[in-house]
Protein chains: 2
Amino acid sequence: MTAETKINLSEQARERLLVAARVVFSENGFQNATVREICRRAEVNIAAINYYFNSKEALFAATLNFEPLLALCKKVNQGSICAQERLLDFIHDFLMQLLDEKEFSVQCQLMARELAEPTPVLGKIVQEAIAPIHQFVANLVCEIVGKKISEAELRRCVFSIFGQCMYYRHGQPVIQRLHPKLRYDHREIEAIAKHIGEFSLAGLKQVAQNKCQ
Amino acid sequence: MTAETKINLSEQARERLLVAARVVFSENGFQNATVREICRRAEVNIAAINYYFNSKEALFAATLNFEPLLALCKKVNQGSICAQERLLDFIHDFLMQLLDEKEFSVQCQLMARELAEPTPVLGKIVQEAIAPIHQFVANLVCEIVGKKISEAELRRCVFSIFGQCMYYRHGQPVIQRLHPKLRYDHREIEAIAKHIGEFSLAGLKQVAQNKCQ
DNA sequence: TTTACTTTAAAACAAACGTTTGATACACTT
DNA sequence: AAGTGTATCAAACGTTTGTTTTAAAGTAAA
């Protein structure tokens with residue numbers, strides 16, 4: 001048995017823990033997720049979490065992966081299309097990551113929970129993921145409405161865009177009860193993205209007009 | 001000592017519990033709020049909760065009061081102004097109830113928490129409060145864009161409006177870290193209301209145009 | 001095989017939670 | 001004065017939580 005194989009074997013429990021933790025955390029949030037359920041799903045002993053990661057919180061921090069979200073900004077920026085189109089693309093891709101249950105959106109769902117239910121890791125999440133994509137959208141908005149907009153108004157525009165997107169996730173428990181038949185399949189997500197995109201572009205145009213007067 | 005005085009005295013503990021519970025629940029959410037802190041604030045014994053209300057959950061249900069929110073719809077409807085103005089008024093008053101810390105917004109904050117963190121009482125809240133005001137806004141939107149809009153698109157418009165408003169509350173832990181200086185005083189709330197109002201009216205106009213084509 | 005080290009296992013830990021108990025004090029009726 | 005029902009209290013209950021302990025099993029080098 002080679003050294004690599006040994007590592008792979010000994011790392012199996014650690015890897016299984018990470019996979020299981022991502023699922024359980026994203027389904028129940030940090031606080032409601034129990035180490036016992038995570039270990040049960042990962043098929044490891046209860047003590048494994050504190051053996052591989054010192055604490056439940058450190059395990060949670062280890063499950064975080066900001067790359068998909070940050071990659072989204074870079075991907076959108078690479079296209080040489082106009083700012084409006086880039087905003088539409090961003091909203092579409094962001095919603096896909098946020099709402100699609102089949103993809104690796106677990107990451108995004110996990111971070112979305114942090115918004116409403118802060119944990120000690122929230123500071124890191126804001127600094128490394130949320131702040132950059134807020135800045136990214138702020139730059140897009142600046143391009144679209146021109147730079148004559150105030151800092152406060154710019155912030156409100158960014159909040160309007162994210163607010164519309166996040167509501168579908170934050171409000172899910174309510175939405176599910178209001179519209180029990182509503183499912184977030186690909187067609188529905190595309191329709192939502194189209195709506196929010198057009199809605200927001202019209203809103204931004206109005207804001208730009210206001211400031212020109 | 002009259003019978004009425006006796007009742008007032010014996011009801012004091014119950015009333016203090018309700019007041020304290022509203023504060024603690026709205027600050028920490030249902031789950032994070034502890035019966036011990038509620039009792040400490042109310043200056044009653046720990047057994048009082050189960051004495052007056054059978055359980056923590058029943059106490060929570062007793063703290064709910066949908067009237068301020070429903071009254072808001074009626075008040076806005078009484079003005080005989082056009083639908084656009086009524087929507088602006090609603091957004092303004094809704095944000096005031098949602099964000100103002102000094103008023104009796106505790107109720108609204110408490111219910112807002114339910115959105116992201118469902119408890120067994122959520123069903124009641126949705127049925128008696130959230131569904132009616134969603135329907136109220138849906139009616140306003142219908143008036144503004146005309147009835148030619150599809151049910152799904154109408155739903156998305158309502159979500160866009162509420163999403164923008166709720167983001168300021170749901171996202172508060174994040175917003176606080178992104179913009180530490182931002183405070184929700186009356187001037188800021190009015191500015192937010194003005195922004196969301198104009199942003200949304202422009203969005204709705206765009207939606208109406210789309211459906212006309 | 002012995003030795004040293006890593007990984008797993010069951011059990012127990014301390015703390016916090018909502019809830020219940022049983023006793024006590026009080027006001028009012030008979 | 002005795003009896004009755006209400007309100008309050010400290011204390012403890014039974015769970016559940018994340019974490020730790022202690023020992024056993026497994027693995028690789030000597």
Side-chain angles (χ1 to χ4, degrees), chain A residues 1-25 27-64 110 113 117-122, chain B residues 1-25 27-63 110 113 117-121:
Chain A
M1 185 177 282
T2 68
E4 195 180 336
T5 317
K6 170 193 168 187
I7 290 177
N8 283 349
L9 274 180
S10 72
E11 293 282 285
Q12 269 187 4
R14 190 189 153 94
E15 275 310 310
R16 282 207 310 274
L17 264 178
L18 279 174
V19 172
R22 266 187 269 265
V23 175
V24 178
F25 278 137
E27 280 178 355
N28 307 95
F30 174 75
Q31 194 149 213
N32 281 23
T34 67
V35 294
R36 281 172 173 82
E37 191 189 345
I38 294 174
C39 290
R40 193 181 51 75
R41 285 224 208 183
E43 293 181 320
V44 301
N45 187 268
I46 270 277
I49 285 184
N50 286 276
Y51 179 76
Y52 286 106
F53 312 87
N54 304 318
S55 69
K56 177 191 180 186
E57 191 181 313
L59 169 63
F60 181 63
T63 61
L64 296 177
L110 205 146
R113 280 197 166 266
E117 178 193 357
T119 75
V121 206
L122 178 55
Chain B
M1 184 179 283
T2 66
E4 195 180 337
T5 316
K6 171 192 167 187
I7 290 177
N8 284 347
L9 274 181
S10 71
E11 293 283 287
Q12 269 186 3
R14 189 188 152 96
E15 274 311 308
R16 283 207 309 273
L17 264 178
L18 279 174
V19 173
R22 265 187 270 266
V23 176
V24 178
F25 279 137
E27 281 178 354
N28 307 95
F30 174 75
Q31 192 147 217
N32 281 21
T34 68
V35 295
R36 282 172 174 83
E37 191 189 346
I38 295 174
C39 290
R40 193 181 51 76
R41 285 223 207 183
E43 293 180 321
V44 301
N45 187 267
I46 226 227
I49 286 184
N50 284 277
Y51 180 76
Y52 286 105
F53 312 86
N54 303 321
S55 69
K56 177 191 180 185
E57 191 181 311
L59 169 63
F60 181 63
T63 62
L110 204 147
R113 279 198 166 266
E117 180 194 355
T119 75
V121 205

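Chain letters run A, B, ... following the sequence lines, proteins first, then strands; residues in each count from 1.
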Send over the distance from [X] [atom1] to [N] [atom2], rounded to a whole Å.
X	N	atom1	atom2	answer
A:Asn50	D:dG18	CG	P	10 Å
A:Leu17	C:dA9	CG	P	12 Å
A:Ile46	D:dG18	CD1	P	8 Å
A:Asn45	C:dT8	CG	C1'	6 Å
A:Gln31	D:dG18	CD	C1'	12 Å
B:Gln12	C:dC26	CD	P	16 Å
B:Asn32	C:dA16	CG	C1'	12 Å
B:Arg16	D:dT8	CZ	C1'	11 Å

B:Tyr51 side chain N/O closer than 4.0 Å to the phosphate oxygens (OP1, OP2) of C:dT20? no
Quick one: on DNA chain D, does B:Ala48 or A:Lys56 contact a more 5' nucleotide (nearest heavy atom)?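 The 5'-side residue here is B:Ala48.
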Which listed nucleotide (D:dA11, C:dT8, D:dT19) is nearest to the side chain of A:Arg36? D:dT19
B:Ser55 has a side chain; which of D:dT17, C:dT19, D:dT20 sits nearest to it?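 Of the candidates, C:dT19 comes closest.
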Is A:Ala58 touching bases, backbone alone, or none of the nucleic acid, heavy atoms closer than 4.0 Å?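 Result for A:Ala58 = nothing.
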Both A:Glu43 and B:Glu57 contact DNA chain C. Taking the nearest nucleotide for each, which residue is further toward the 5' end?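 The answer here is A:Glu43.
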Working note: A:Phe53 + A:Leu18, criterion side-chain contact (heavy atoms from CB on, under 4.5 Å); need CA distance, chi angles, decisive distance, verdict. CA-CA 10 Å; A:Phe53 312 87; A:Leu18 279 174; 3.9 Å; yes
May I ask you to decide if B:Phe30's main-chain N or O and B:Lys56's side chain share a donor-acceptor pair within less than 3.5 Å? yes
